[in-house]
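First the structure, in the form of structure tokens, and then the observations on it.
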Amino acid sequence: MSFFDTDFHCHILPGIDDGAADLDVSLGLLHMQAAQGVRTVIATPHYRHHQQSVSRFLENRQTAFEEVKAHAFDGMPRILLAAEVALERNLSEVKDIASLSCAEMNTLLIELPLFESYHKWMAEEIEEISYRTRKQIMIAHLDRYVDMYSTKDYADILNIPDAIFQFNLSTFSDRKAKKLLKQLVKDEYPLVFGTDCHNLTGRKSNFDVLGKQMKKYEPSVIVERLFAGLE
Ligand SMILES: [Fe+2]
């Protein structure tokens, strides 16, 4: 398992969120990922606290995972379970939020609100979540906010202690997102990538982009540390 064969963000589990609608789509995505060089996928179905309890989510996720496991094929990437947790006010007060982390990596993937401009409470809430859960925070698709966030907004997010920043591979087809990524690479922030694939049509896996675009990239020590003990 390494930086170059791990998809850190995807919606491949069947019937659990707006990702893979059924088992056929799940297996289709996993075949696609395998062909693109993925050996490990971190399955990150959406979790929204105002819609669902953590325990119900974990049950549903397990059922979806078992379904895929029962149809595993030769060369199928290993699946690690996690979640893409939508940031809400006071989310840090939810007792069992830590159980949404990726157990193997001890990371918690947090999604900033997609249709809201940046507010100070967001970074503060994330810091509180990190403090209370003792999990390493991973910020989902940092590239998604380039049309909404100012440089100062981004600086707030980038200042969250010990956070890791995840970019979607679609970054490479967006001028502004690419510029942000370039800056973060230069400043040596800990970065990881994901396909954020949802289906076999508009949002399929594009993992092959990673090898093409980041060939000479050396992942940060903080990121390499995530893989320790996982082989
Ligand atoms: Fe996602």
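For ligands, and for the atoms within them, numbers begin at 1 and follow the listed sequence. Remember, it's a predicted structure, so these values are computed and weren't measured experimentally.
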Are the aromatic rings of Tyr217 and Phe3 close, with centres under 6.0 Å apart? yes

Can you run down the side chain to side chain donor-acceptor pair (under 3.5 Å) pairs that involve residues 27-41, sequence neighbours left out, and say none if there aren't any? Asp7-Gln33, Gln36-Ser205

Side-chain donor-acceptor pair under 3.5 Å between His141 and Asn168, yes or no? no

Just jot down the side chain to side chain donor-acceptor pair (under 3.5 Å) partners of Thr201, sequence neighbours excluded, or say none. Asn199

Asp153: which residues meet the salt bridge (charged side-chain N to carboxylate O under 4.0 Å, His left out) condition with it, sequence neighbours left out? none

side-chain contact (heavy atoms from CB on, under 4.5 Å) for Val192 and Phe165? Distances and angles first, verdict last. CA-CA 6 Å; Val192 295; Phe165 304 97; over 6 Å; no

At a cut-off of 2.8 Å, what protein N/O/S atoms sit near the Fe ion (ligand 1)? His9 NE2, His11 NE2, Glu84 OE1, Asp196 OD1

